[in-house]
Protein chains: 2
Amino acid sequence: MSVRILIVDDHPLVLEGLKSLLADVDEVKVVGTATNAIDAIAFLKSNEVDIAFLDINLPDISGIDLCKKVKDQFPEVKTLALSTFNERAYVSRMIQNGASGYLIKSSGKEDILEAITQVQAGGYFMNVQFDQVTPAAAPKTVPFLTRREKEVLVLIAEGLTNPQIAEQLFISVTTVNSHRQNLLIKFEVSNTASLIKLAAGLGLI
Amino acid sequence: MSVRILIVDDHPLVLEGLKSLLADVDEVKVVGTATNAIDAIAFLKSNEVDIAFLDINLPDISGIDLCKKVKDQFPEVKTLALSTFNERAYVSRMIQNGASGYLIKSSGKEDILEAITQVQAGGYFMNVQFDQVTPAAAPKTVPFLTRREKEVLVLIAEGLTNPQIAEQLFISVTTVNSHRQNLLIKFEVSNTASLIKLAAGLGLI
DNA sequence: GGATCAATCCTATAAAAGCATGATTTTTGA
DNA sequence: TCAAAAATCATGCTTTTATAGGATTGATCC
């Protein structure tokens, strides 16, 4: 029996690319695709899937959160993270959330098949080389940010001041300030400059 | 006659995806693919191509530089930049280097065909929505910075305050502040957050 | 030698951000 | 359903930035 694959990625190119690459492989069958988390979950409810390829960046929720949801609701489904980047922080968070592996999108056909084989056999696969010389400044992991904190972070990066952010989000300035202080604490920095530099380096803004 | 396409991208998935998406379109023919700039140039030397899709991120040289080379050596070839991101800075640099358009990889089939049609007709295509509410920010090019301004910029990004920078550089706080204000003016921003975000985006820090 | 520009310094004010501390309500997950 | 976490708001104070308006010294380039 062939391995049943679900691909979740909002890039049509990637969907098509994977399908195309896997089309002529007998042992593998792409049984479904989804471009967002909602559709992915819905598909899993009514279909049997062995391995789900999850893009890290999805329109509704992050692949990291989706991974957690999938493992919670469908523990028998194995998950494989897909990303354009070599992001050490993402890798560890996906693994923490139960992923069986991590595949960068620049992987070749061999890598992809190898990953499927490994994961299907219950093992792990990871072809990430951490080539970028990660400077000492970067924290080990991306701090966990709440929804509101992410929103505030983005607005700070856009150059809005606390009063402007407060107006935008319909909350008080002191609340904005609270979120801001929490961001500083979570990133372990002491001012906006370092915060934005780190966040930018992690691709958060 | 169909439009002859060359795709240059180091992601096999994207190559396959584009080929697959364009396979059943009569007006378009993917005549070649390359995963690096050298191969791309070599291919152009011995083949006729109407439009070259260029990935922004290539292993050897950047798509931006490749775009320039292609336009220099093969002015009749139209180029279309491909990127995962909505990066305003990249867009303008590609256009400056002669690109006829810019396509984000999350584009659907319709967008891609529309781009090909537009570009082949001699027009421009750009499906980048600068969805982030980027107010007046983002200068077209990297502003010219003096030696001292660069030093100060780096120290700001490291999280030092004006007094700390002054101490580090053996100058007065007011001087540091002057440089800082000049940085804000040159980057056309109004606070540190935007400054660092832009500088990070341009690879300055 | 005059113009330009970088780099240096100054005063002064207003605005924003950082820091501490604490509290209430809502949401969420086990 | 109960506890934890998130989101909300507040007060008071200090430090840092932002803005405006200069001024002086060198170096560099025609």
Side-chain angles (χ1 to χ4, degrees), chain A residues 37 41 60-62 64-73 75 96-98 142-199 205, chain B residues 135-137 142-199 205:
Chain A
I41 296 286
D60 37 6
I61 67 169
S62 84
I64 293 168
D65 294 335
L66 176 57
C67 182
K68 192 168 160 59
K69 278 198 206 307
V70 169
K71 296 306 284 189
D72 283 350
Q73 296 181 41
Q96 275 169 29
N97 280 354
V142 179
F144 170 74
L145 301 181
T146 67
R147 171 184 64 80
R148 221 37 166 176
E149 283 162 0
K150 283 181 207 156
E151 288 174 4
V152 170
L153 174 60
V154 169
L155 294 175
I156 292 172
E158 281 174 12
L160 303 202
T161 65
N162 283 349
Q164 290 170 329
I165 295 171
E167 196 181 357
Q168 183 107 353
L169 298 180
F170 304 106
I171 57 181
S172 93
V173 178
T174 61
T175 305
V176 175
N177 200 47
S178 292
H179 293 310
R180 190 170 194 138
Q181 300 309 322
N182 288 334
L183 284 167
L184 294 182
I185 291 167
K186 288 190 178 178
F187 278 88
E188 295 175 36
V189 295
S190 61
N191 61 31
T192 302
S194 315
L195 174 68
I196 297 301
K197 185 193 172 191
L198 271 187
I205 50 177
Chain B
V142 181
F144 169 75
L145 301 182
T146 68
R147 173 184 61 83
R148 220 39 165 173
E149 282 162 1
K150 282 180 207 158
E151 288 175 2
V152 171
L153 175 59
V154 169
L155 295 175
I156 292 172
E158 282 175 11
L160 303 202
T161 66
N162 284 349
Q164 289 170 329
I165 295 170
E167 196 182 356
Q168 183 106 354
L169 298 180
F170 303 107
I171 56 181
S172 93
V173 179
T174 60
T175 306
V176 175
N177 200 45
S178 292
H179 293 310
R180 190 172 193 135
Q181 299 313 317
N182 288 333
L183 283 168
L184 293 182
I185 292 167
K186 288 190 178 177
F187 277 88
E188 297 174 37
V189 295
S190 60
N191 61 30
T192 303
S194 314
L195 174 69
I196 298 300
K197 185 194 173 191
L198 270 187
I205 49 179

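A note on names: the letters A, B, ... follow the listed sequences, proteins ahead of strands, and every chain is numbered from 1.
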For a quick check, with a 4.0 angstrom heavy-atom cut-off, what is the B/S/- contact string for nucleotides 8-15 of chain C, read 5' to 3'? BBBB----
Polar atom pairs (N or O), protein with nucleotides 3-5 of chain D, under 3.5 Å:
none

Measuring only between side-chain heavy atoms, which start at C-beta, is A/Ile41 closer than 4.5 Å to A/Leu66? yes
Are the side chains of B/Leu184 and B/Gln181 in contact, using a 4.5 Å heavy-atom criterion?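 Of all side-chain heavy-atom pairs linking B/Leu184 with B/Gln181, at least one is under 4.5 Å.
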Spacing between [X] atom [atom1] and [N] atom [atom2], to the nearest angstrom:
X: B/Arg180; N: D/dT19; atom1: CZ; atom2: C1'; value: 13 Å
X: B/Asn191; N: C/dG18; atom1: CG; atom2: C1'; value: 15 Å
X: A/Leu160; N: D/dT17; atom1: CG; atom2: P; value: 19 Å
X: B/Ile156; N: C/dA17; atom1: CD1; atom2: P; value: 15 Å
X: B/Leu184; N: D/dA18; atom1: CG; atom2: P; value: 5 Å
X: B/Asn162; N: C/dA16; atom1: CG; atom2: C1'; value: 14 Å
X: B/Lys150; N: C/dA6; atom1: NZ; atom2: C1'; value: 13 Å
X: A/Ile185; N: C/dA17; atom1: CD1; atom2: P; value: 17 Å

Among A/Ile196, A/Thr192, A/Leu195, which one satisfies side-chain contact (heavy atoms from CB on, under 4.5 Å) with B/Ile196? A/Ile196
Point-to-point distance, once rounded to the nearest 0.5 Å, from [atom1] of [X] to [atom2] of [Y]:
X: B/Ile156; Y: B/Glu149; atom1: CD1; atom2: CD; value: 10.0 Å
X: B/Leu169; Y: B/His179; atom1: CG; atom2: NE2; value: 8.0 Å
X: A/Arg180; Y: A/Asn162; atom1: CZ; atom2: CG; value: 4.5 Å

Looking only at non-hydrogen atoms, find the nearest pair between A/Leu198 and A/Phe187 and report the distance.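 Taking A/Leu198 first and A/Phe187 second, the nearest heavy atoms are CD1-O, 3.7 Å.
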Is it the case that the side chain of B/Lys186 and the backbone of B/Phe144 share a donor-acceptor pair, with hydrogens and angles ignored and the cut-off at 3.5 Å? yes
With distance as the sole test, does A/Asn191 use its side chain to make a donor-acceptor pair with the main-chain N or O of A/Ser194 at under 3.5 Å?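 Yes: the side chain of A/Asn191 pairs with the backbone of A/Ser194.
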